[in-house]
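Below is one structure, written out as structure tokens; comments come after it.
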Amino acid sequence: MWLTAFPEGEQVRAASFLALVFWRPIRFHRAARFLPADSEILAMRLSRYFMPILKEPPREAEIVSHRLMLRAGMMRQEAAGIYAFLPLGLRVLNKISDIVREEQNRSGAIELLMPTMQPADLWRESGRYDAYGKEMLRIKDRHERDMLFGPTNEEMITEIFRAYVRSYKDLPLNLYHIQWKFRDEVRPRFGLMRGREFLMKDAYSFDVDQAGAEHSYNKMFVAYLRTFARLGLKSIPMRADTGPIGGNLSHEFIILADTGESEVFCHKDFLDRATPPEDVNFDDRAALKTIFDTWTSQYAATSDMHDAAAFAQVPADKQVSARGIEVGHIFYFGTKYSEPMKAVVATGQGGDVPVHMGSYGIGPSRLVAAIIEASHDEAGIIWPEAVAPFKVGVLNLKQGDAATGAACEDLYRGLGAKGIDVLYDDTDKGAGAKFATADLIGLPYQVMVGPRGLAEGKVEVKNRKTGSKELMSPAAALDLLTR
RNA sequence: CGGGGCAUAGCGCAGUCUGGUAGCGCGUCUGGUUUGGGACCAGAAGGUCGCAGGUUCGAAUCCUGCUGCCCCGACCA
């Protein structure tokens with residue numbers, strides 16, 4: 001548009017200047033011009049991607065998710081407990097965050113975004129500036145004002161709430177954000193599992209009374225069950241200690257993984273209980289209460305809360321003791337913050353009351369690691385389809401061969417055009433190396449395109465999870481993978 | 001914060017005890033031959049040995065201090 005402001009002769013120079021500046025994107029567009037615009041970010045040629053895989057795991061990585069994330073080129077450590085997400089890791093993180101977001105929205109929670117930096121004064125109001133201890137990273141700005149890198153956001157959300165909401169008519173309200181947190185752990189470890197900087201979805205509910213707050217709690221409870229199920233995980237809610245955040249109703253959501261950091265005990269029925277359906281009515285108090293009761297009626301506890309006598313009441317063939325990873329935590333804490341911070345609403349019956357609050361956390365960055373812990377084998381990661389960085393890998397087993405090249409291009413473009421996330425391994429590597437890479441980064445479906453199969457008009461589709469391989473025509477593969 | 005360990009090329013490691021011109025594998029680059037489970041041959045590039053001091057004719061190696069990272073424990077999304 002503003003090009004027209006150039007004198008005639010200048011337009012050419014301006015245009016070529018732009019071409020220079022945007023040379024890389026233009027080159028990409030040219031190569032991908034058969035794809036609709038929206039698909040360009042979904043489809044990727046490995047030869048042009050940034051995915052620095054490692055054959056050997058770096059020495060510092062001890063646990064499997066940490067090793068595999070480093071080997072798959074998903075992240076890079078920059079300091080103890082602090083990681084850069086590389087492109088492959090970011091794709092997974094974003095897919096997890098999107099699912100978390102969808103389920104929060106479905107439950108009626110509303111997204112906003114609070115800053116990572118917070119003024120200390122807010123925390124002095126709640127009394128937590130002194131109480132939180134050294135885990136809170138404290139900073140002074142240039143004017144010597146006390147600031148902090150937020151470890152959580154109860155104070156700030158309460159400040160926002162009290163600034164605008166005055167009436168019971170505006171309740172219930174649940175506000176959430178997905179933002180980086182910083183907790184200066186004494187001993188960060190296990191890669192993303194216990195980092196110092198981590199991504200957290202934290203939601204905060206506001207209700208006029210305890211009954212309302214319990215309904216809000218149940219909404220999150222159900223949303224969490226759905227979220228973890230969609231991420232391909234079996235989650236088990238376990239009664240939890242309320243810890244430093246305070247309150248009196250709290251559950252941890254634990255997923256089972258052999259390498260999990262805590263020991264858990266539960267009733268076997270948890271493992272095949274049906275996930276609440278997509279169309280569950282979040283406004284139906286009784287229905288949500290029923291789901292909550294069903295999911296909390298049987299024994300489930302981490303070693304901290306374990307009661308051996310109660311566990312012994314579970315029939316022997318139903319006793320499960322396993323290892324687990326905490327991936328979510330929900331709290332109801334009443335008026336712990338609303339009272340000191342004066343977040344009050346008119347009740348409609350004369351007078352104000354402090355609102356009843358709850359907070360609800362899920363760590364998407366920890367989930368990246370937790371999913372790997374729960375789903376991997378000797379060869380590498382086995383991504384659940386919903387969070388895989390790419391759903392399909394197209395492997396050209398004989399790079400430079402005209403026939404395999406053409407078949408791969410067709411599949412690559414065909415999948416991309418249908419909106420499938422596809423990674424096309426068009427590198428010079430040998431077939432074996434490509435198999436190893438595809439398995440390492442855990443692509444759910446891998447299409448092997450080589451001269452041997454192509455001679456009979458076939459490609460091979462491999463399922464990463466089951467290991468099954470099937471020969472079929474490229475058209476059948478396209479059909480299968482876009483279904 | 002207590003205890004233990006590590007730091008040498010992009011990654012994994014040897015060399016340190018017993019001081020004497022810094023090595024191996026993988027990866028990278030060039031050329032060629034290859035191509036269905038981490039190919040082969042030939043050649044090449046790449047390191048102030050974590051940092052600072054000290055001892056010595058000479059330090060990756062010995063001494064002192066510091067920093068970073070990992071593991072176990074206590075603590076935690």
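Just so you know, these numbers use all the heavy atoms, side chains as well, and skip hydrogens, waters and symmetry mates. By convention in this document, chain letters (A, B, ...) are assigned in the order of the sequence lines, proteins followed by strands, and residues within each chain are numbered from 1.
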Polar atom pairs (N or O), protein with nucleotides 42-44 of chain B, under 3.5 Å:
none

Arg71(A) has its side chain closest, among G25(B), G38(B), A77(B), to G38(B)

Winner on side-chain proximity to Phe190(A), out of G36(B), A77(B), C71(B), is C71(B)

The nucleotide from C26(B), C72(B), G37(B) with an atom nearest the side chain of Arg187(A) is C72(B)

Check: Trp123(A) ring centroid to Tyr132(A) ring centroid under 6.0 Å:
yes

Picking from G36(B), G37(B), C70(B), the nucleotide nearest the side-chain atoms of Gln77(A) would be C70(B)

Per atom distances to the Ala431(A) side chain, the nearest of G37(B), G36(B), C75(B) is G36(B)

Within the 4.0 Å heavy-atom criterion, would you say Leu199(A) contacts the bases, only the backbone, or no part of the nucleic acid? nothing

Among C72(B), G12(B), G38(B), the one nearest any side-chain atom of Ala436(A) is G38(B)

For Ile371(A), does its backbone N or O pair with a side-chain atom of Ser375(A) as donor and acceptor, under 3.5 Å? no

Could you tabulate the donor-acceptor pairs under 3.5 Å formed by side-chain atoms of residues 81-90 of chain A, not counting sequence neighbours?
none

>> If I pick the P atom on C11(B) and the same atom on C51(B), what distance separates them, to the nearest angstrom?
In response: 15 Å

